[in-house]
Amino acid sequence: MTDDIKTHLTALMRAALTSVVADQADAAIVLERPKQASHGDFSCNLAMQLARPMKRNPRELAGLLLGEIPRSPLVEKTEIAGAGFINFHLTAAAKLGVVGRVLSQGEAFGRSTQGDHRKVQVEYVSANPTGPLHVGHGRGAAYGASLSNLLAYAGWDVTSEYYVNDAGRQMDILAVSAWLRYLDFYAPATVAFPPNAYQGDYVADMAAQMKIAHGDKLVRQTAELLRGTPGLPDAERTDDEAKAQREAHLDALIANAKTLLGEAWNYVHSHVLSEQLEDCRNDLEAFGVHFDVWFSEKSLFDTGLVDRCVERLEKAGHIYVQNGAKWFKSTAFGDEKDRVVQRDNGLYTYFASDIAYHLNKYERGFARIINIWGADHHGYIARVKGALTALELDPAVLDVALVQFAVLYRNGQKASMSTRSGEFVTLRTLREDVGNDACRFFYVLRKSDQHLDFDLDLAKSQTNENPVYYIQYAHARVCSLLAQWNGDEQALAAADLARLDNPHELAIAAKLAEFPELIDSAAAELAPHLIAFYLKDLAALFHSYYNAERMIVDDKALTCSRLALVVAVRQVIRNGLAILGVSCPQSM
RNA sequence: GCGCCCGUAGCUCAACUGGAUAGAGCACCGGCCUUCUAAGCCGGGGGUCGGGGGUUCGAGUCCCUCCGGGCGUACCA
């Protein structure tokens, strides 16, 4: 029996096509699963596609094709319907064959060779290690992890990667924030804590750690710390001038801190970095999100790759100098405006290291590179692809999947998502409140580029109504059935499937057969949410069947047939939930 | 202003990338537990797919144009 009925039917249609119109024999043949059961198991729109080039009536063409379709033991009947669809109705045996395949292939059922072992890199989360991950990062994490699993399932050799922004100003701000809190232990309230420094409690916690580890060795004269700073404007002021002054004040504090601390600054900096990174890594691991590579932005500078990158662009004539800064001529590659890569103060921009990072990715030989970015970064796609083109790399290798922010609602109101203000809900809190399974599932229940309203109160109070339980419940019910049956599960593979003939059973079999196709299309579209919707549908068919029929009956052979079917359902639920990173409880 | 994304049931979202009568879940109404897990099932109401025009056998899906929302438009990361 053929493993792929679609391929088989396509061959039948091809034969009919060749016979009817030889000169159109290479036309594309598309087979779809109709939404409505009465339209059969597969439908083909070939006659309608050919109607125009051949200037013939579609239904008439369909009739000609229908007469030339070779007989097949899998096909019960074919018919013309609607505007000219050719519908295939499969025999019950052909529909039920999938049950045996699921049972024999087990967790491999649905795996495909689409990726053909090619190397793909998926980079995601990549949040600045300046504080705990929040619910917005959680969505990127859940999407990226599910997508990585999905691509691996579809035959890709996946490397998941987290880009650590350990080189920029934000890290300096975090370091100085922690140090100021530390100084508070020894000289309370002598230096006002800047409003644009990191406010969260975790900053004070790190300061306390430094005190325990080093006592007062990191204390410096606070008067020196304020030397040359512009001071802080009134807290109420929100005008541009006041904002600029606050930033200048913070930068001056950082510069003074570096001078005063000398070598100890590096300690403070690396301490806060490793603390935050470790916290982030633990948080993600607990969420079932694992990264193969943690890539340091700083390493791009240390190895000189950023320098070499800019030089290469310069030699190729894509850089010019204006107002003391080096600009990349990205408008030559479709960007809206040119972009600075090196500032007039000699420092590289984030864009410069980003170009270097992508060059590094290409040099590692990935057939495909997928960046998962927050949707607010969509403006960067053009410039990054432009830079790649300028470096004579193929921009089509890079795919950027945008993830809209998850907006958290608490007490019916939008919760602030700013890390610096300290008023955020952490991913950790969300996981503890809602649970990992519901969390992972909820995040991928909608298309990644759609806004997600995450109502914390609802997720907490209506946990039982979360769709993830609906699917897990189906799994648990099958486990419970097997426990009560208490027979040899291995023997189910030999069950007589011909005993399955009611509409519930045939509908379930048809759904199971869709799974491999679903994996391919979900992987191709980078859309793990399709898995979630599929599993909901499959679970619904199961629950409906479960309520309509008894599985364990006096007829032992029939019992085996039915259990074989529901064990196949359980297997596909397992395979699907594994991709989504959701557990499969035996009982609930 | 310009660019990208979005607008589908009261709410949150699907719709096999152009297919047949647009589907689920919440919420609402009415049924089903002395029988394998009621975190379940069965039935019901609910729609001008933001508006208008176009493309074709066929449009929620593609093109144009309005209306409404989000994001971006840094020598920030």
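Per chain, numbering begins at 1; letters A, B, ... match sequence-line order.
Within the model, atoms CD1 of I508(A) and CZ of F542(A) stand 7.5 Å from one another, a figure rounded to the nearest 0.5 Å.
Within the 4.0 angstrom heavy-atom criterion, base atoms lie near R550(A). N128(A) comes within contact range of the sugar-phosphate backbone alone, with a heavy-atom separation under 4.0 Å but no base atom that close. At a threshold of 4.0 angstrom between heavy atoms, the contacts of N87(A) include nucleobase atoms, whether or not backbone atoms are also involved. Residue A81(A) is in base contact, counting any heavy-atom pair closer than 4.0 Å across all strands shown.
Within 6.0 Å of CD on Q322(A) lie more than 12 heavy atoms contributed by other residues, nucleotides or ligands.
In this structure, K337(A) reaches the C75(B) phosphate: one of its side-chain N or O atoms is under 4.0 Å from OP1 or OP2. Regarding contacts with the backbone of A39(B), every side-chain N or O of Y469(A) stays at 4.0 angstrom or more from both OP1 and OP2. Contact annotation: S480(A) side-chain N/O to U37(B) OP1/OP2 distance is under 4.0 Å.
Comparing A15(B), A20(B), G19(B) by their nearest atom to the side chain of H529(A) picks out A15(B). When distances are taken from the side chain of K35(A) to each of C41(B), U17(B), C16(B), the shortest belongs to C16(B).
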Protein-nucleotides 1-10 of chain B N/O pairs closer than 3.5 Å?
residue, atom, partner, partner atom, Å
G3(B), N2, H378(A), NE2, 2.8

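Atom OH of Y470(A) is separated from atom P of U37(B) by 17 Å (rounded to the nearest Å).
Here the options are K95(A), K6(A), R33(A), K77(A), the test is salt bridge (charged side-chain N to carboxylate O under 4.0 Å, His left out), and the partner is D41(A); only K95(A) passes.
H475(A) and Q586(A) share no side-chain donor-acceptor pair at under 3.5 Å.
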